**Q** 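Encoded as structure tokens, here's the structure I'll be asking about.
Keep in mind the model is a prediction, meaning the values are calculated, not measured. The chain is numbered in sequence order, starting from 1.
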Amino acid sequence: MKVAMIAYEVYPFAKVGGLADVLGALPKAVERSGAKVTIFMPLHKVVLKNSQKFGYQLSEVAKSIPVENVQTKETFDLYKSQLPGSGVAVYFIANEYYFSAENVYEGPDLAEQAIFFSAASIQAMRHLSEQFDVVHAHDWQTGLVPVYLKTLYRVDPFFSRTAIVFTIHNLGYQGIFSPSYMKFAGLPGYLFNIDGLEFYGKINFLKGGILFSDIVTTVSPTYAQEIQTEEYGEKLDGVLRLRSEDLYGILNGIDYEEFNPATDRRIYVNYDINSIEKKYENKKMLQKELNLPVREEVPLIGMINRLVDQKGLDLIEKIADYMFLFDLQFVVLGTGEKKYEEMFLQLQKRYASKVSSNIKFDIELAQKIYAGCDMFLMPSRYEPCGLGQMYSLRYGTIPIVRYTGGLADTVKEYDPETGLGNGFGFREYDPAHLFMAIAKAVHFFKNEKRHWEKIVQNAMQTDVSWERSAKQYMRIYQEALKKRRV
Ligand SMILES: Nc1ncnc2c1ncn2[C@@H]1O[C@H](COP(=O)(O)OP(=O)(O)O[C@H]2O[C@H](CO)[C@@H](O)[C@H](O)[C@H]2O)[C@@H](O)[C@H]1O
């Protein structure tokens with residue numbers, strides 16, 4: 001089985017959030033399950049910057065390839081590398097004009113950029129004479145890949161055996177633009193229709209991906225259900241219900257080699273489930289690095305996130321003054337909306353001995369936080385899957401979450417009666433419930449040492465590996481092929 005994955009972010013080449021982690025790990029796991037995987041991604045500026053840091057090389061494959069259908073004179077160059085630790089080939093679509101920005105999700109025109117990239121990825125397959133059994137596209141930037149393949153290339157013999165899987169990593173980002181881009185994309189006018197790309201008078205790339213793929217997946221079973229409701233559906237719930245028979249929720253995993261406290265070179269001291277005392281060495285070193293009082297007995301709560309509404313940060317704002325009545329410490333690492341960056345900087349000012357706010361993107365510090373904290377906070381408004389809680393579990397750092405989406409599928413409330421459970425959480429999106437969950441975690445940490453040890457053991461034993469999910473994707477690919485043949 002030959003699978004082509006298409007996405008904007010792939011770790012270690014370019015990472016903004018969880019999408020990169022998935023594309024850095026899933027292809028390897030699918031490869032281990034017996035498929036041959038090839039990745040297509042843009043040559044973002046940061047890919048060149050990261051090459052020294054992560055020790056990979058790019059080689060030029062082809063120059064100045066024209067793109068079919070798109071109303072542009074721009075061409076692309078094709079570069080190649082390999083996903084570290086695998087046989088997965090990674091092809092980069094290079095174009096100076098569209099991918100000139102410092103950051104991944106910036107550029108002169110985001111709609112044109114996504115259209116160009118989607119069409120160029122298809123063109124690259126042709127140029128390489130690589131016929132894939134499955135094209136697996138990720139998120140709205142690649143939403144037009146299925147649209148092209150099922151319309152303009154529908155009867156093209158080159159793609160006649162190719163099935164299409166589309167994965168939604170976050171329904172909150174849809175790619176909604178003026179209908180004028182239909183012309184730029186070279187797509188037929190009849191697609192500007194309620195059963196096509198039209199969305200409240202505009203065009204919606206994610207909707208295209210959902211409607212024109214053989215199978216649609218999202219990144220957890222709970223989120224797959226939630227997005228079919230008005231509350232979580234972001235106005236696409238009707239479209240998703242329409243596809244409910246072909247919509248699957250497959251939980252993400254994490255890369256067990258990259259994220260292993262026993263071997264992770266980015267943390268201060270390595271440890272495993274049998275040497276948990278060394279985790280507390282990490283805590284002390286982290287407190288020191290962050291200029292927080294070095295105290296083992298105080299609970300240290302971490303948070304690493306894109307600082308956006310999705311992540312439930314307004315709840316934290318509402319409880320902050322009460323939360324810091326407790327003897328606890330809090331470290332946040334993230335960038336995003338100015339109002340939240342400012343909020344955490346203010347909290348640091350107000351509670352200097354309790355709060356450390358790190359407004360930056362820093363993968364090394366992230367690992368130290370996953371390893372050094374006692375608890376990890378994720379009170380998300382919605383969460384398709386969430387990776388932070390999974391890294392935390394693996395590092396014995398107890399998640400405090402809102403039970404929504406993938407958080408509900410991975411974190412189970414600790415029950416002192418049975419000794420089962422790996423974290424704490426709350427359901428209703430309100431500050432009082434978040435406050436209770438934090439208070440409960442702090443109580444167990446401070447007053448119930450035996451239970452706390454049990455929770456940490458349970459957390460570290462939770463299976464959040466990719467293997468199980470990769471097998472599910474393999475089944476989905478087979479299923480998509482069957483549908484394609486019909
Ligand atoms: N400032 C910073 N410095 C260093 N590292 C940082 C950082 N800010 C964030 N990160 C890292 O970025 C990743 C975030 O991944 P998540 O899955 O938790 O959320 P995200 O919303 O980006 O992903 C979306 O896609 C993924 C993948 O499917 C879904 O799990 C998720 O629910 C969905 O919202 C983690 O690896 C985290 O450590």
**Q** Any donor-acceptor pair under 3.5 Å linking the side-chain atoms of D255 with those of Y11?
**A** no

**Q** Which atoms form the tightest heavy-atom contact between F426 and A437, and what is the distance?
**A** CD2-CB, 4.1 Å

**Q** Restricting to pairs with a member in residues 133-143, which pass salt bridge (charged side-chain N to carboxylate O under 4.0 Å, His left out), not counting sequence neighbours?
**A** D133-R161

**Q** Taking all atoms of both residues into account, what is the closest heavy-atom pair of V294 and Q287, and its distance?
**A** CA-OE1, 3.4 Å

**Q** Using modelled atom types only, decide if a donor and an acceptor are shared between the side chain of N270 and the backbone of D264 within a distance under 3.5 Å.
**A** yes

**Q** In terms of side-chain geometry, is the basic nitrogen of E231 or R381 positioned less than 4.0 Å from the acidic oxygen of its partner?
**A** no

**Q** If you take the centroid of each ring, where Trp contributes its six-membered ring, are Y477 and F132 closer together than 6.0 Å?
**A** no

**Q** What distance separates S465 OG from R394 CZ, expressed to the nearest 0.5 Å?
**A** 8.5 Å

**Q** Measure centre to centre between the rings of F166 and F212, then say whether the value is under 6.0 Å.
**A** no

**Q** Is it true that, when you exclude Q52 itself, more than 12 heavy atoms of the residues, nucleotides or ligands shown sit nearer than 6.0 Å to its CD?
**A** no

**Q** State the CG-CG distance between L58 and L48, to the nearest 0.5 angstrom.
**A** 6.0 Å

**Q** Can you see whether Y382 engages N170 through a side-chain donor-acceptor pair at a distance of less than 3.5 angstrom?
**A** yes

**Q** Mind checking side chain to side chain contact (heavy atoms under 4.5 Å, CB included) for K235 and listing every partner two or more places apart, or none if nothing turns up?
**A** F199, Y200

**Q** With a 4.5 Å cut-off on side-chain heavy atoms, are T222 and T404 touching?
**A** no

**Q** Could I get the full list of salt bridge (Lys or Arg N to Asp or Glu O under 4.0 Å) partners for K449, not counting sequence neighbours?
**A** none

**Q** In Å, rounded to the nearest 0.5 Å, how long is the span from CG of L347 to CG of D321?
**A** 7.5 Å

**Q** Using only atom types and a distance under 3.5 Å, with no angle test, would you say the side chain of Y256 pairs donor to acceptor with the backbone of V464?
**A** yes

**Q** Between the side chain of D214 and the main-chain N/O of V165, is any donor-acceptor distance below 3.5 Å?
**A** no

**Q** Could you give all pairs that pass the salt bridge (charged side-chain N to carboxylate O under 4.0 Å, His left out) test and reach residues 323-342, with sequence neighbours left out?
**A** R295-D327, D309-K339, D327-K446, E337-K339, K338-E341

**Q** Does any non-hydrogen side-chain atom of H433 lie less than 4.5 Å from one of R427?
**A** no

**Q** Decide yes or no for F344 and L313: does some side-chain heavy atom of the first lie under 4.5 Å from some side-chain heavy atom of the second?
**A** yes

**Q** State whether the number of non-hydrogen atoms from other residues, nucleotides or ligands found under 6.0 Å of E277 atom CD is greater than 12.
**A** yes

**Q** Does this structure show an ion pair linking K49 with E102, if we count only N-O contacts that are shorter than 4.0 Å?
**A** yes

**Q** Is the backbone N or O of C385 less than 3.5 Å from a side-chain atom of Q389, with the two atoms forming a donor-acceptor pair by type?
**A** yes

**Q** Go through the steps for Y280 and D374 under the test side-chain contact (heavy atoms from CB on, under 4.5 Å), then give the verdict.
**A** CA-CA 9 Å; Y280 303 111; D374 300 298; 3.7 Å; yes

**Q** Per the side chain to side chain donor-acceptor pair (under 3.5 Å) rule, which among H44, E9, Q141, Q113 passes with Y105?
**A** E9

**Q** Say whether, by atom type as modelled, one donor and one acceptor occur between the side chain of R484 and the main chain of T162 under 3.5 angstrom.
**A** yes

**Q** Determine whether the side chains of Q310 and Y173 contain a donor N or O and an acceptor N or O closer than 3.5 Å.
**A** no

**Q** First locate atom CD1 of I267, then atom CD1 of I369, and finally report the distance between them rounded to the nearest 0.5 Å.
**A** 13.0 Å

**Q** Cation-pi between R402 and Y429: NZ/CZ under 6.0 Å from ring centre and within 45° of the ring axis?
**A** no

**Q** Which pairs count as salt bridge (charged side-chain N to carboxylate O under 4.0 Å, His left out) when at least one residue sits in residues 406-425, sequence neighbours excluded?
**A** E413-K440

**Q** Within this structure, what is the CD1-CD1 distance for the pair I301 and I316, rounded to the nearest 0.5 Å?
**A** 9.5 Å

**Q** So how far is it from E31 CD to K36 NZ, rounded to the nearest 0.5 Å?
**A** 9.5 Å

**Q** Could you tell me whether the side chain of E234 and the main chain of L171 form a donor-acceptor pair under 3.5 Å?
**A** no

**Q** Test of understanding: with side chain to side chain contact (heavy atoms under 4.5 Å, CB included), list the residues that count as partners of K279, not counting sequence neighbours.
**A** Y271, I276, T397

**Q** Answer with yes or no after comparing the ring centroid distance for Y8 and F117 against a 6.0 Å cut-off, counting only values under it.
**A** yes

**Q** Counting only heavy atoms from other residues, nucleotides and ligands, does the tally under 6.0 Å from OH of Y322 exceed 12?
**A** no

**Q** Would you please name every residue forming a side chain to side chain contact (heavy atoms under 4.5 Å, CB included) with A224, sequence neighbours left out?
**A** T218

**Q** Quick one: list whatever passes side chain to side chain contact (heavy atoms under 4.5 Å, CB included) with Q57, sequence neighbours left out.
**A** none

**Q** Just do the side-chain contact (heavy atoms from CB on, under 4.5 Å) check on L328 and M375 with the steps written out, would you?
**A** CA-CA 11 Å; L328 55 73; M375 301 159 196; over 6 Å; no

**Q** Only one of E281, K283, E289 forms a side chain to side chain donor-acceptor pair (under 3.5 Å) with Y268, so which one is it?
**A** E289

**Q** Would you tell me whether S118 and T142 have side-chain atoms, one donor and one acceptor, within less than 3.5 Å of each other?
**A** no

**Q** Begin from the C-alpha positions of L393 and I254 and carry the test side-chain contact (heavy atoms from CB on, under 4.5 Å) through to its verdict.
**A** CA-CA 11 Å; L393 288 168; I254 61 170; over 6 Å; no

**Q** Side-chain atoms of residues 12-25: list all donor-acceptor pairs with protein atoms under 3.5 Å, sequence neighbours left out, distances to 0.1 Å.
**A**
| from | atom 1 | to | atom 2 | distance (Å) |
| --- | --- | --- | --- | --- |
| K15 | NZ | D21 | OD1 | 2.9 |
| K15 | NZ | D21 | OD2 | 3.1 |
| D21 | OD2 | Y391 | OH | 2.3 |

**Q** Is the side chain of R243 donor-acceptor paired with the backbone N or O of V216 at a distance under 3.5 Å, no angle test?
**A** no

**Q** Run the side-chain contact (heavy atoms from CB on, under 4.5 Å) check on L211 and L242 step by step: do they pass?
**A** CA-CA 9 Å; L211 285 177; L242 211 66; 4.3 Å; yes

**Q** Any side-chain heavy-atom pair from E448 and H443 closer than 4.5 angstrom?
**A** yes

**Q** Near E257 CD, under 6.0 Å, is it more than 12 heavy atoms from other residues, nucleotides or ligands?
**A** no

**Q** Could you tell me if N282 and K278 have a donor-acceptor pair between their side chains, going purely by distance under 3.5 Å?
**A** no

**Q** Looking only at atom types and distance, does a side-chain atom of K354 sit under 3.5 Å from a main-chain N or O of F324, one as donor and one as acceptor?
**A** yes

**Q** Just jot down the salt bridge (Lys or Arg N to Asp or Glu O under 4.0 Å) partners of R475, sequence neighbours excluded, or say none.
**A** none

**Q** Just jot down the ring-ring contact (aromatic ring centres under 6.0 Å, His included) partners of H138, sequence neighbours excluded, or say none.
**A** H136, H169

**Q** Who are the salt bridge (Lys or Arg N to Asp or Glu O under 4.0 Å) partners of K471, not counting sequence neighbours?
**A** none

